[in-house]
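Just the heavy atoms: all of them, side chains too, but no hydrogens, waters or symmetry mates, feed the values below. If you're wondering where the values come from, they're calculated on a predicted model, not measured in any experiment. Quick note on labels: first sequence line is chain A, next is B, and so on, each numbered from 1.
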Protein chains: 2
Amino acid sequence: MEYDAYIQTCPTRMVLDRLADKWAVLVLGRLDDKPVRFNQLKREIDGISQKVLSQVLKKLERDGLVSRAVFATVPVTVEYAITPLGRTLSATVDALRRWAEDNIETVLAAQQKYDRAAV
Amino acid sequence: MEYDAYIQTCPTRMVLDRLADKWAVLVLGRLDDKPVRFNQLKREIDGISQKVLSQVLKKLERDGLVSRAVFATVPVTVEYAITPLGRTLSATVDALRRWAEDNIETVLAAQQKYDRAAV
DNA sequence: CGGGATCCGATCTGATACTG
DNA sequence: CAGTATCAGATCGGATCCCG
């Protein structure tokens, strides 16, 4: 209720709120290569429901990170593509991806140590 | 149920799941300067409840991103600090922060355009 | 001071069904 | 094909009370 207003005052929080949706990151990553259609995205992103995918795409489009193109074929074809703005964000997220891959071992080790101590 | 098992196979998803918690990022950012005590954190991070703060700190500690030091004062003092590992992640997140600040105008403009069109 | 335990309403999700 | 609408279940988050 007041959070929406508050969020506008903090850009970082806003962007993080978007990325907080892990699906958004996966969708963006998937679109980074080339435009993809709705059901193809659904098939390629393991575990996402069509409802959530549709919601995520709408948010990404609203933020100007993804574009939506409709082709008047029968049946209709809709292609989602990453925008130049989306691409710059994607590049930034890549740094995070690298961090994750580089440090996953360390994190997993820390978790195991923590869990053993907690018993 | 099976998601926990799945997540282990994808480092990026795991790290994103941690950062997906917007509070985690805020806590990490706040600890980046210097160690802080529990209630001080609660006061400084606007809007967080003590329950959520406690949960977030536990997760960050489990991941080895934050350390917890207890001092036997009366009453007891607990100080949370960022670890070297946490610091490297924090640096990566900073890139995201910069992207957010640099592009917030563009994103807000896109949102307004989208909302006008949707009417 | 630094939390844990509990209750409870708000939110999110998945599954299913339907449409242009 | 590309979605929207709906409903029931799971999860989350805040508020409150309590303890060492």
In whole angstroms, how far is the [atom2] atom of [N] from the [atom1] atom of [X]?
X	N	atom1	atom2	result
A/Ile48	C/dG14	CD1	P	8 Å
A/Lys42	C/dG14	NZ	C1'	11 Å
A/Gln40	D/dC1	CD	P	10 Å
A/Phe71	D/dG3	CZ	P	13 Å
A/Lys59	D/dG3	NZ	C1'	17 Å
A/Leu53	C/dA15	CG	C1'	16 Å
B/Phe38	D/dC19	CZ	C1'	15 Å
B/Asp17	D/dC12	CG	P	11 Å

From the options [options], select the nucleotide whose nearest atom is closest to the side chain of [X].
X	options	answer
A/Asn39	C/dG3, D/dA2, C/dT13	D/dA2
A/Lys51	C/dG14, D/dC1, C/dG2	C/dG14
A/Val78	D/dG3, D/dC1, D/dG14	D/dG3

Examine [N]: is either OP1 or OP2 under 4.0 Å from a nitrogen or oxygen in the side chain of [X]? Give yes or no.
X	N	result
B/Arg68	C/dG3	yes
A/Lys58	D/dT4	yes
A/Tyr80	D/dC1	no
B/Ser54	C/dG2	no

Nearest-nucleotide check on DNA chain C, A/Gln55 vs B/Arg43; residue mapping nearer the 5' end is B/Arg43

Measuring from [X]:[atom1] to [Y]:[atom2], what's the distance to the nearest 0.5 Å?
X	Y	atom1	atom2	result
B/Asp21	B/Gln55	CG	CD	8.5 Å
A/Leu41	A/Arg30	CG	CZ	7.0 Å
A/Asn103	B/Thr92	CG	OG1	8.0 Å
B/Leu89	B/Ile82	CG	CD1	7.5 Å

Of B/Val76 and B/Ser49, the one whose nearest nucleotide on DNA chain D sits closer to the 5' end is B/Ser49

- Message: Using only atom types and a distance under 3.5 Å, with no angle test, would you say the side chain of B/Thr83 pairs donor to acceptor with the backbone of B/Gly64?
- Response: yes

Polar side-chain contact B/Gln50-C/dG4 base: donor and acceptor under 3.5 Å: yes

